[in-house]
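Residue indices begin at 1 and follow the sequence shown.
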Amino acid sequence: MSHCQPETLPGYHYVATAAGDSHALANEVPLAILLNGVSHAVMMVSPCQLDEFITGFLVSEGIIKHPREIHDLEFHRQGEALEADTLEARVTLGNGAHYRWKEHRRSLAGRTGCGLCGIESLAQALPQVPRLPAAPLPSVTALEKLYRQLPDWQPLGQECGSLHAAFFADLDGQILHACEDVGRHNALDKLIGTLLHQKSPSAPGMVLMTSRCSIELVQKMGRASLPTLVTLGAPTGLAVRQAREAGLNLLHLPRKQSPRVYSTSESEPHHDD
C-alpha cells in the first residue's frame, strides 16, 4: 500500500471560515527541475512523493526510458516564495538520456491545468504514441469495486478537496497504489514513478484518475506502456482519437451510470483520408 499522508505535506495550511471553523488548504510549491545543470522546467506540485514524480515525469516526457538512466537526484530548498519553499531538483542523467533530452529539448512552463504550455510546435503537441500491447478490459464488477475504495486512498483530497488523484488497481479492482497532487498530470507522473520504483510497470491492472481525460494523459500512458486508463471525467474527442491510435483501453466511469468504453486495445488505428 502506498499513498500520500497529510503529515508528509510540510506547511499544510488551514484557513478560518466565516462560520468559525477551519478548513485545510493544499500546499503547492514551485519545483525547478535541472537536468545535468541546465534548467528544464518549473512545475507547481504538491510536495510529496517527489522522487516518484521526477522519475515519472522524465519517463512520460520521453526523456528517460528507465529509472537507471537517472544517475543522481538531489533536492534543495531555495528560500521562500509566496509563503512556500521553492524546491530545486538536480538530476544527473546518463549519457543516453542526456543526448535524447538535448535532441528533443523544449521549453516548458509550470503547469497545473494545461499540460501543453510551452510547446514549440504542433508536431511536439501531437506526437505519435507507440501502440500499446493488447490488454483485456476490466470487468464491470472490478470497476464498481473501485468507487468504494476511493475515500480510503485520498487522505489529502478528503482533507482539503482540491487535489487530483491517480490510482493503480489490479484486474480485480483492488487499489494498490495512489498518488495525489494539485495537478492531474503530476498525479499520473507520480503514479508512473511509483510503479517504476516498485519494479512493477508492466503488472496487469488499470490506472484510475479522478479527472477528465485529455490528450496529455493518453500520451503519458503510452510512453509508460500502461494499457488501461479509467477516468471519472469524460474524455475529449482528441484524447479518444489518440487512444484509438495507440490501442489504449479508455473508459469513463460516470457516477450512478454504466461504464462507457471509448477505445480498446482492439481499436483500429485511425487514418486520415
Side-chain angles (χ1 to χ4, degrees), residues 1-5 8-9 27-36 40-76 87-94 96-98 100-101 104 108 110-112 115 129-130 132 153-157 163-170 175-211 216-229:
M1 176 183 292
S2 64
H3 53 70
C4 282
Q5 294 289 351
T8 66
L9 286 186
N27 202 359
E28 181 180 27
V29 302
L31 172 66
I33 301 173
L34 278 69
L35 303 181
N36 290 354
H40 175 69
V42 178
M43 311 295 291
M44 299 303 299
V45 301
S46 298
C48 65
Q49 298 176 309
L50 292 182
D51 285 61
E52 290 84 354
F53 168 71
I54 292 296
T55 299
F57 174 77
L58 294 179
V59 167
S60 71
E61 292 293 313
I63 296 171
I64 67 172
K65 295 182 178 179
H66 191 278
R68 62 174 170 263
E69 292 190 292
I70 298 177
H71 286 188
D72 193 31
L73 172 59
E74 296 180 350
F75 291 96
H76 297 268
L87 301 177
E88 187 176 82
R90 300 175 185 174
V91 185
T92 303
L93 297 174
H98 177 78
R100 194 180 307 122
W101 167 60
H104 298 95
L108 290 175
R111 61 207 188 191
T112 294
V129 177
L132 290 160
W153 287 88
Q154 297 182 84
L156 307 181
L163 296 174
H164 292 287
F167 312 88
F168 183 79
D170 62 24
I175 295 176
L176 304 177
H177 305 288
C179 299
E180 298 183 78
D181 199 276
V182 291
R184 57 200 171 91
H185 310 95
N186 297 345
L188 180 54
D189 283 335
K190 287 180 178 180
L191 183 65
I192 292 170
T194 296
L195 293 174
L196 288 166
H197 287 187
Q198 295 285 333
K199 296 182 172 58
S200 57
S202 59
M206 55 186 145
V207 172
L208 169 68
M209 297 201 62
T210 57
S211 68
E216 308 94 334
L217 300 185
V218 173
Q219 293 168 353
K220 288 177 181 292
M221 292 287 294
R223 291 182 182 128
S225 297
L226 294 169
T228 302
L229 175 61

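Scored by the side chain to side chain contact (heavy atoms under 4.5 Å, CB included) test, Ala169 finds Leu146, Ile175, Met206 as partners (sequence neighbours excluded). Taking the side chain to side chain contact (heavy atoms under 4.5 Å, CB included) definition, one finds that Val45 meets it with Val29, Leu31, Met43, Leu50, Phe53, Asp181, Asn186, sequence neighbours left out. Under the side chain to side chain contact (heavy atoms under 4.5 Å, CB included) criterion, Leu73 pairs with Asp51, Ile54, Ile70, Phe75, Ala89, Val91, sequence neighbours left out. In this structure, the side chain to side chain donor-acceptor pair (under 3.5 Å) partners of His66, at least two apart in sequence or on a different chain, are Arg68. By the ring-ring contact (aromatic ring centres under 6.0 Å, His included) test, His98 pairs with Trp101, sequence neighbours left out. Shown here are the side chain to side chain donor-acceptor pair (under 3.5 Å) partners of Thr55, two or more places apart in sequence or in another chain: His197.
Judged purely by atom type and a 3.5 angstrom limit, Ser60 has no side-chain atom pairing as donor or acceptor with the backbone of Asp189. Using modelled atom types, one side-chain atom of Ser46 and one backbone atom of Val182 make a donor-acceptor pair closer than 3.5 Å. Lys190 places a side-chain N or O within 3.5 Å of a backbone atom of Cys48 that can act as its donor or acceptor partner.
Under the 4.5 Å side-chain criterion, counting only non-hydrogen atoms from C-beta, Leu217 is in contact with Ser211. Looking at heavy atoms from C-beta onward, Ile192 lies out of side-chain contact with Arg223 at the 4.5 angstrom threshold. Residues His71 and Leu93 form no side-chain contact, since every pair of their non-hydrogen atoms from C-beta on lies 4.5 Å or further apart. Contact of the Phe168 side chain with the Gln198 side chain is not registered, since no non-hydrogen atoms from C-beta on lie closer than 4.5 Å. Between Leu163 and Gln154 there is no side-chain heavy-atom pair separated by less than 4.5 Å.
Residues Leu132 and Met221 share a closest heavy-atom pair of CD2-O, 4.1 Å. In terms of heavy-atom proximity, Pro30 sits nearest to Val42 at CB-CG1, 4.3 Å. Closest heavy-atom contact between Glu180 and Trp153: OE2-O, 4.1 Å. Smallest separation of non-hydrogen atoms from Glu69 and Gly96: OE2-C, 4.2 Å. Contact between Gly205 and Thr228 at its shortest, heavy atoms only, is O-CB, 4.0 Å. Of all the heavy atoms in Ala187 and Cys179, the pair that sits closest is O-CB, 3.7 Å.
Atom CD of residue Gln49 and atom CG of residue Leu191 lie 9.0 Å apart, to the nearest 0.5 angstrom.
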